[in-house]
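Below is one structure; the comments refer to it alone.
Residue numbers start from 1 in every chain, and the chains themselves are labelled A, B, ... in the order their sequence lines are given, proteins ahead of strands.
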There are 2 protein chains.
Amino acid sequence: MATISDVAALAGVSTATVSRALNGKATVDPDLAARVRTAADELGYQPNGPARNLRRQEAAVVALIISDVENPFFTAIARGVEDVAHEVGYSVVLCNSDESASKENRYIDIAIQERVAGVILSPTGTTSSVDKLAARGTAFVAVDRPLPQQDSDVVLVDTRLAARQATEHLIAQGYQRIGCITGPSGVRTADDRLAGYRDALKAAKRRGSTKLVRRTEYKAAGAHKAARDVLSQEDPPDALLVANSAMAVGVLQALQEKGIRPGKDVGMVAFDDAPWAALVDPPLSVVAQPAYEIGTVAARLLLARITDGTRPPTTTTLGARLIERGSSHRG
Amino acid sequence: MATISDVAALAGVSTATVSRALNGKATVDPDLAARVRTAADELGYQPNGPARNLRRQEAAVVALIISDVENPFFTAIARGVEDVAHEVGYSVVLCNSDESASKENRYIDIAIQERVAGVILSPTGTTSSVDKLAARGTAFVAVDRPLPQQDSDVVLVDTRLAARQATEHLIAQGYQRIGCITGPSGVRTADDRLAGYRDALKAAKRRGSTKLVRRTEYKAAGAHKAARDVLSQEDPPDALLVANSAMAVGVLQALQEKGIRPGKDVGMVAFDDAPWAALVDPPLSVVAQPAYEIGTVAARLLLARITDGTRPPTTTTLGARLIERGSSHRG
DNA sequence: GTGAAAGCGCTAACAT
DNA sequence: ATGTTAGCGCTTTCAC
């Protein structure tokens, strides 16, 4: 594979000049620069990234570690990050931690080893691995979930408030026994959504009951089981707040199997406005989160921190929007 | 940041010994190895990836360039690739080419520059950029779509046959004027699905009509417009074959807006068994592609090629499965 | 404006 | 079994 020396030899200049020419430094004679570019093209020269990064002590790459590639919420964030990063010449590598602390840890190690310029991640809960980034001075920002005792930049959604509003909406629609199916304990968004749900019940002077709450992984399968379970008990809920769109799939399956009609028999609001939400029957009421915007904001914060590591950490909280559709309106 | 020399100094050995110990070479005294590991831990030593890769002339990383991160088909492939790659100690970086030849090209350049061990990609159609990989001897395998005049490893689905079977199923159900909404011309899967659709019509001695065919990008918005258009004409189709699940969303929206009931008024089969397909009313008949398996097979082929660049290229064709649900049964 | 030369951190010959 | 040393390809002072 052609190296910078090959290009230098062909162009009849030094390697230093090649480097300067190819990196667009102003201090190089236009004629020479042209000759260098021609030589580089001729040889199909591609700079050796590891060598460059070794020398520069940093790569123009940001790592984005998300907890579930198959969740549209996170892929939308990814797009936001990409769009901003590409604008300023950074590449984005996507890593899928799969909601596993050990995978997250592994990817953080890789990010450090590869000396990426920065890391954006949706932390799995344990803070330990992120400390390494802080210790090394690698820029990072958390999305979707804050980092316990770590004052970093973070981009969140006011998910507790959103959950409260969604629950209040169900109450206003006349549902009496509202249940909640949320994610695993310790995952901040799952905890917050549950808290918001309870806020609404309390404000309406309703007594909550643990029998109406189920916690499970943020996946269809878990939610399916949870929904079957909660609906099979003696006093089943007549409405459900569901904490993400994958879970909504599982819950709707369960309703279908049990012959329960959403909206009429059991009201339902789910987090995340999946593309299909308006297509099911009845259309699914959702809490739409600004996922793409989370990505763009996080990327901008990261870039700012890369250039200036001393700026004070900020917390950005974006709002979510309740979209009322048929599944939360008593027919 | 601690370097290998720091570790060597602390452990009272040479850098070579540190390198050997940390890389698990057999030829190092167990006591020394332990001392080295302790020193490394103490310093929080993380090897410098660029330096290592520069020296080794290769990184234990494979790049996966997919054409749409928001398409569940491709994210399922990503999981397959990851699972296999991680087993053998490779990391996977995901790149989103967004169905754009220039982005694909850019990511290929980056992959080359970073000297990744191999590349898996769903090519956008133009072959040009992939030539660079071949020219440099970087291992790569194509998924979902073959590479024109490039004999590489490739993992495909027999999508033409699947399209034919889906169309035959619609014919068998008594639909008379079957239309097809497929992806852009030049994208192989889009062309193949159209060809399979025509195969079925021809075999049934039906005359196809270009007025029943629409081509658009593989996204909901394009398909939405296409469906409105095709259904508004004088002799509208009474059934539709739709080329992926994002498009199915757009088509179902259009049907909803026009008050057309899927199944009863217009039959429908779509590619890709999205999680929500069984939840819409009526449940959507689909062609289920073995996406995860495409990923695992591709990863295994890539690893084999990384170890032995001379093995003859293979083509693996996996089958798809028609899942009949309500949307293709006349009520 | 251009070239010579040092050195980023690591691994692999080679020497012992 | 361990240490010494060269060098991977690049960027960047430092001279000129």
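Between the side chains of B:K132 and B:N105, a donor-acceptor pair is found at a separation under 3.5 Å. Side chain to side chain, A:Y218 and A:T189 meet the donor-acceptor criterion of an N or O pair below 3.5 Å. In this model, a donor atom of one side chain and an acceptor atom of the other lie less than 3.5 Å apart for A:D308 and A:T310. A donor and an acceptor atom, one from each side chain of A:S67 and A:S122, are located under 3.5 Å apart.
Side-chain contact check for A:D29 versus A:R35: every heavy-atom pair is 4.5 Å or farther apart. No side-chain heavy atom of B:D144 sits less than 4.5 Å from a side-chain heavy atom of B:L156.
Formation of a donor-acceptor pair under 3.5 Å by the A:R145 side chain with backbone atoms of A:P123 is found in this model. Using modelled atom types, no side-chain atom of A:N53 and backbone atom of B:P50 make a donor-acceptor pair closer than 3.5 Å. Listed for the A:T307 side chain is a donor-acceptor partner under 3.5 Å among the backbone atoms of A:L303.
Mapping A:T15 and A:L32 onto DNA chain C via the closest heavy atom, the residue that lands nearer the 5' end is A:L32. Nearest-nucleotide positions on DNA chain D place A:S5 closer to the 5' end than the other of A:S5 and A:R20.
Dashed line: the shortest gap from a side-chain N or O of B:T17 to OP1 or OP2 of D:dG3 is under 4.0 Å.
Distance, A:Y45 OH to D:dG9 P: 10 Å, rounded to whole Å. For the pair A:M1 CE and D:dC10 P, the interatomic distance rounds to 11 Å; values are reported in whole Å.
If you check residues 46-58 of chain A against DNA chain C, the residues with a heavy atom closer than 4.0 Å are A:L54, A:R55, A:Q57, listed by number.
Closest of all the heavy-atom pairs between A:R305 and A:A139 is CG-CB, 3.7 Å.
Recorded end-axis angle for the helix from C:dG1-D:dC16 to C:dT16-D:dA1 stands at 40°, based on five pairs per end and rounded to 10 degrees.
Nucleotides of DNA chain C lying under 4.0 Å from heavy atoms of chain B occupy a range whose first and last members, 5' to 3', are C:dG9 to C:dA13.
Among the atoms of the strands shown, base atoms are found under 4.0 Å from some heavy atom of B:T27.
Applying the side-chain contact (heavy atoms from CB on, under 4.5 Å) test between B:E104 and each of B:V130, B:D109, B:N96, B:I66 identifies B:V130 as the sole match.
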